[in-house]
Amino acid sequence: MAKRTKKADMSGKRTIHLYAQAWAELVSKRVQLEIEAELSGEFQIIARATDVLLRVRDNSGQQFLVLIELQLRYDANMPRRLIAYAALAREKYKLEVYVAVVYLLEPAAQIVLAQQFHSEFMGQTAHQDFDVIRIWDLAAADVLALGNPALLPFVPLMQGGATLETLQTCVERIRQEPESEELEVLLAAFASFVIDTETVKKILRWNMKILHESPLYKELFKDYEQGLTDGIARGREEGREEGREEGRDAALFTLRHFVAYRFQVALEHFDAQFQKLDLEAIKQLTQTILDVATVAEFEAALAQLQPKLSTPANP
């Protein structure tokens, strides 16, 4: 368990761990901040795979907390979570909190990203503002000009970032950093959303072990892993197939969404083929999806896993 926790810690918050000052200055819009402590590890009640709590001091001597939530995609519960995290942080550390959420993937056009939590109930009001950073609204050229290494893995998701020239610039700068391998693999993962994967693999290092520990993989597959584990365990305990079916459903749910993100196809694009797969086949696909370069390669791998139709024996 300790080893698994350490891997999640090194992956989900990797860029914030490595560049805490850069992230704190980015979200708070202040410069020359001093990072006094990273408190997430000490604050288990709010520590999650994608949030970081920092205690900082500005150049005037003011001490405060910076809470950063790194979110892959839209979550309707985000405002409620952030007001809870901020309140817990204020109570524990007796300091004011600056709260920010960084969204990486643009949601559907009809979705409005909330910038506050507000509730009025029986004459009582609860309110929490938070800053929202939309990675896709940032201009890649402006971000590269800032020279902030914390943002380099996310540049392909920005305006003007999905070009080979920009990708090569990111690679060159990342390779100057002490922790270049982890950052480069994260860059490859996000670049693969917007640039042909075969091209990405030619330009960047593609380390599957590190990629499986990245924020992208953890965020997309956390429901799959938990549902699979819970379903199979329940099936064993109860001696029934229902538990295993729940695990299969969780695995299939996440596989469908990840394929849709990965290859920009409709969610139901492969449903007919997926429905024929058993749990083991779905598990195998989840281990190979990130390693294929094109949708054609994925289709070939999928075809190999399709159950063979039995041929009636000759009389």
Output all residues satisfying salt bridge (Lys or Arg N to Asp or Glu O under 4.0 Å) with R80, sequence neighbours left out; order by chain, then residue number.
-> none
Between the side chains of Q32 and R57, is a donor N or O closer than 3.5 angstrom to an acceptor N or O?
-> no
Under the side chain to side chain donor-acceptor pair (under 3.5 Å) rule, collect the residues that match up with E34, sequence neighbours excluded.
-> none
Would you call the rings of H118 and H127 parallel, tilted or perpendicular if under 30° counts as parallel and over 60° as perpendicular?
-> perpendicular
In chain order, what residues pass the side chain to side chain contact (heavy atoms under 4.5 Å, CB included) check against A139, with sequence neighbours excluded?
-> D142
Residues that D129 engages under salt bridge (Lys or Arg N to Asp or Glu O under 4.0 Å), provided they are two or more places apart | none
Nearest 0.5 Å please: distance from the CD1 atom of I135 over to the CG atom of L105.
-> 10.0 Å
Rounded to the nearest 0.5 angstrom, the CG-CG distance for L285 and L305 is 5.0 Å
With the 4.5 Å side-chain cut-off for hydrophobic clustering, are I174 and L26 part of the same group?
-> yes
Would you call V101 and I68 a side-chain contact if the rule is heavy atoms closer than 4.5 Å?
-> no
Taking all atoms of both residues into account, what is the closest heavy-atom pair of A191 and L167, and its distance?
-> CB-CD1, 3.9 Å
Start with the C-alpha distance between V66 and L53, add both sets of side-chain angles, then the distance that settles side chain to side chain contact (heavy atoms under 4.5 Å, CB included), and finish with yes or no.
-> CA-CA 6 Å; V66 177; L53 184 67; over 6 Å; no
Looking at Y103 and V132, what are the two nearest heavy atoms and their distance?
-> CD1-CG1, 3.8 Å
What pairs with Q124 under side chain to side chain donor-acceptor pair (under 3.5 Å), at least two apart in sequence or on another chain?
-> none
Smallest heavy-atom separation, Y19 atom then L183 atom, equals OH-CD1, 3.4 Å
Between CG of L54 and CH2 of W23, what distance do you get to the nearest 0.5 Å?
-> 11.5 Å
Could I get the full list of side chain to side chain contact (heavy atoms under 4.5 Å, CB included) partners for E165, not counting sequence neighbours?
-> T163
Dump the intermediate steps for side chain to side chain contact (heavy atoms under 4.5 Å, CB included) on R134 and L113, then the final yes or no.
-> CA-CA 9 Å; R134 302 166 178 85; L113 297 177; 3.7 Å; yes
For residues 143-162, dump all side-chain donor-acceptor pairs below 3.5 Å to protein atoms at least two apart in sequence or in another chain.
| residue | atom | partner | partner atom | Å |
| --- | --- | --- | --- | --- |
| N148 | OD1 | A150 | N | 3.0 |
| Q159 | NE2 | D137 | O | 3.4 |

Fellow cluster residues of M122, listed by chain then number, with links counted only when side-chain atoms sit under 4.5 Å apart | F121
Does F130 have its ring centroid less than 6.0 Å away from the ring centroid of F117?
-> no
Minimum heavy-atom separation for D75 to N77, with atom names?
-> OD1-N, 2.9 Å
Trace of the salt bridge (charged side-chain N to carboxylate O under 4.0 Å, His left out) decision for E96 with R90 | CA-CA 6 Å; E96 290 303 317; R90 287 190 188 94; 3.4 Å; yes
Got a sec, which residues hit side chain to side chain contact (heavy atoms under 4.5 Å, CB included) with A108, two or more places apart in sequence or on another chain?
-> Q110, I111
Non-hydrogen side-chain atoms of F64 and R30 separated by less than 4.5 Å = yes
Identify the two heavy atoms, one from L67 and one from A86, that lie closest to each other, and give their separation to 0.1 Å.
-> CD2-N, 4.1 Å
Could you list the residues that satisfy side chain to side chain contact (heavy atoms under 4.5 Å, CB included) with E91, not counting sequence neighbours?
-> K94
Looking only at side chains, do E36 and Q63 share a donor and an acceptor under 3.5 Å apart?
-> yes
Please step through side chain to side chain contact (heavy atoms under 4.5 Å, CB included) for the pair Y74 and E106, ending with a clear verdict.
-> CA-CA 8 Å; Y74 168 75; E106 187 173 7; over 6 Å; no
Kindly compute the distance separating CG (L65) from OG (S28), expressed to the nearest 0.5 Å.
-> 12.0 Å
At what distance, to the nearest 0.5 angstrom, does CG of L95 lie from CD of Q62?
-> 9.5 Å
With sequence neighbours left out, write down each residue that passes side chain to side chain donor-acceptor pair (under 3.5 Å) with Q21, or none if nothing qualifies.
-> E25
Quick one: salt bridge (Lys or Arg N to Asp or Glu O under 4.0 Å) pairs with a partner in residues 107-128, sequence neighbours left out?
-> none
Carboxylate-amine/guanidinium proximity below 4.0 Å for E184 and R175 | yes
Working to the nearest 0.5 Å, report the span between CD of Q304 and CD of Q284.
-> 8.5 Å
Grab the two heavy atoms, one from L187 and one from C170, that are nearest each other, plus how far apart they are.
-> CD2-CB, 3.7 Å
